[in-house]
Amino acid sequence: MGKEEYVEIIRFTVKPTTMTSVWGPWTFSELSFCKPCSVAQTCRACCTPAYLAESKTPLRGAKLLAENDARCAFCASGPAFDVEACVKDGLFWIRSWFESKKETFPKEIPNFSVKVVPANVILAEGHGLGEKGTLLGLCKAQGVDNKITSYTIFVLNGMRKAAFMETLVHELTHIWLYENKLSKKPYVEGFCNFVSINYLLSLGNDEDAGRRKNFMMANPNAFYGGDMKAYLLQAKAPAFNPFTNLRSAQDIK
């Protein structure tokens, strides 16, 4: 039998590759994105682009936990942790750290609770306040006749352990401020971040803690980032006492 061969000629044009600008990496997730994706809805936990709202597309393994409440691939992939154990660890650390500075953190906190909640709950409790679309935690003090009878700390869900602990320690510091009648002082947010970044520093070479420290140092907000960095710079002087510095400032009226 004879044999016939057929060859199909496919004509195509090769166009030169167009390089797309890369934006990032973002300081906590260390992810980078092209310009169109860099303006996507951000991760509530670390501000990394996470979700294209118009096309309903999560970016690179990101997760949409609820409407307008996304987590980037890095935050979404964090291992599970025991919240109750973390709260105990946070209280132990902050009491020890304050004691090392010759200060006292309350041994008993009235009606104290920690709630891990979605973004819409924290935004509602904080009356919509937030930085760059984020509000990671909130300390709610309630009472009557100028006497606080309960403290509730709200922490955003879907965060990695280092971010959860940094937020928890920040909000615990607010309790100390309330108990010592210092909550109306200036620099309080920077002071709380100063305490929480010291927690991260105490973890040594922990990778997530290092990333979270970089995230805090990159914060452009004048109160949270700027005042914290001012405390860190002043703390390099042996004679500097952040507690004395805070107490000596005039109350905000």
Side-chain angles (χ1 to χ4, degrees), residues 12-81 116-138 154-168 170-171 189 193 196-197 200 203 205-226 228-229:
F12 61 93
T13 302
V14 178
K15 295 182 178 179
T17 303
T18 302
M19 295 299 293
T20 305
S21 298
V22 175
W23 293 61
W26 270 255
T27 51
F28 185 53
S29 67
E30 296 186 0
L31 295 172
S32 298
F33 296 89
C34 63
K35 186 175 181 179
C37 292
S38 71
V39 294
Q41 184 185 110
T42 60
C43 171
R44 287 281 184 181
C46 74
C47 296
T48 297
Y51 188 73
L52 293 172
E54 290 186 4
S55 61
K56 298 182 179 180
T57 305
L59 300 177
R60 295 181 181 169
K63 291 184 179 179
L64 189 67
L65 304 186
E67 186 177 0
N68 297 319
D69 191 5
R71 299 292 177 277
C72 70
F74 182 66
C75 290
S77 64
F81 55 87
V116 181
V117 297
N120 66 324
V121 174
I122 295 186
L123 290 169
E125 293 288 344
H127 307 292
L129 298 176
E131 296 178 74
K132 295 176 62 178
T134 69
L135 189 59
L136 305 178
L138 184 72
F154 298 89
V155 181
L156 182 69
N157 66 345
M159 293 202 290
R160 294 177 76 94
K161 183 179 178 180
F164 174 87
M165 291 299 293
E166 171 249 310
T167 304
L168 174 67
H170 176 107
E171 301 306 334
E189 297 299 344
N193 266 6
S196 61
I197 203 169
L200 294 176
L203 298 180
N205 294 324
D206 181 88
E207 181 182 353
D208 273 18
R211 288 183 179 212
R212 198 66 189 178
K213 180 178 69 69
N214 293 339
F215 175 80
M216 295 179 73
M217 292 297 291
N219 190 330
N221 183 281
F223 303 110
Y224 290 80
M228 176 198 70
K229 282 177 267 193

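The first residue of the sequence shown is numbered 1, and numbering continues consecutively from there.
Annotation for Ala162 and Leu200: closest pair O-CD2, 4.0 Å, computed over non-hydrogen atoms. Taking all atoms of both residues into account, the shortest heavy-atom contact from Phe33 to Pro49 is CZ-O, 3.5 Å. Here the closest non-hydrogen pair linking Cys75 and Cys43 is SG-SG, 3.8 Å. The two residues Ala218 and Thr27 have their closest heavy-atom pair at CB-CG2, 3.7 Å. Closest approach of Leu65 and Gly158 over heavy atoms only: CD1-CA, 4.4 Å. For the residue pair Pro118 and Asn157, the shortest heavy atom distance occurs at CA-OD1, 3.4 Å.
Rounding to the nearest 0.5 Å gives a distance of 11.0 Å between CE of Met216 and CG of Asn214. For the atom pair SG of Cys37 and CZ of Arg60, the computed distance is 7.0 Å after rounding to the nearest 0.5 Å. A distance of 5.0 Å separates CG of Leu123 from CZ of Arg44, quoted to the nearest 0.5 Å. Between the NZ atom in Lys213 and the CG atom in Asp206 there is a gap of 12.0 Å [rounded to 0.5 Å]. To the nearest 0.5 Å, atoms CZ (Phe154) and CG (Leu135) are separated by 11.0 Å. If you take NE2 on His170 and CG on Leu168, they are separated by 11.0 Å, rounding to the nearest 0.5 Å.
With hydrogens and angles ignored, the 3.5 Å screen pairs no side-chain donor or acceptor of Trp26 with any backbone N or O of Cys46. Listed for the Arg211 side chain is a donor-acceptor partner under 3.5 Å among the backbone atoms of Ser29. Of the possible donor and acceptor atoms, one in the side chain of Asn193 sits under 3.5 Å from a partner among the backbone N and O of Tyr224. A donor-acceptor distance shorter than 3.5 angstrom exists from the side chain of Lys229 to the backbone of Met217, with no hydrogens or angles considered.
By the side-chain hydrogen bond (donor to acceptor under 3.5 Å, both in side chains) test, Glu166 is found to be paired with Arg212, residues two or more places apart in sequence or in another chain being considered. In this structure, Thr167 has no side-chain hydrogen bond (donor to acceptor under 3.5 Å, both in side chains) partners at least two apart in sequence or on a different chain. Checked against side chain to side chain contact (heavy atoms under 4.5 Å, CB included), Thr57 has the following partners two or more places apart in sequence or in another chain: Leu52, Ser55. The ring pair (Phe, Tyr, Trp, His ring centres under 6.0 Å) check on Phe223 picks up nothing, with sequence neighbours excluded. Taking the side-chain hydrogen bond (donor to acceptor under 3.5 Å, both in side chains) definition, one finds that Gln41 meets it with Asn68, sequence neighbours left out.
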Can you check side-chain contact (heavy atoms from CB on, under 4.5 Å) on Met165 and Leu203, steps first, answer last? CA-CA 11 Å; Met165 291 299 293; Leu203 298 180; over 6 Å; no
Residues Val117, Ile122; criterion side-chain contact (heavy atoms from CB on, under 4.5 Å); working and verdict: CA-CA 7 Å; Val117 297; Ile122 295 186; 3.4 Å; yes
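A perpendicular orientation is assigned to the rings of Phe74 and Phe28, their planes being inclined by more than 60° (bins at 30° and 60°).
Pairs passing the salt bridge (charged side-chain N to carboxylate O under 4.0 Å, His left out) check and including a residue from residues 62-76, sequence neighbours excluded, read Asp69-Arg71.
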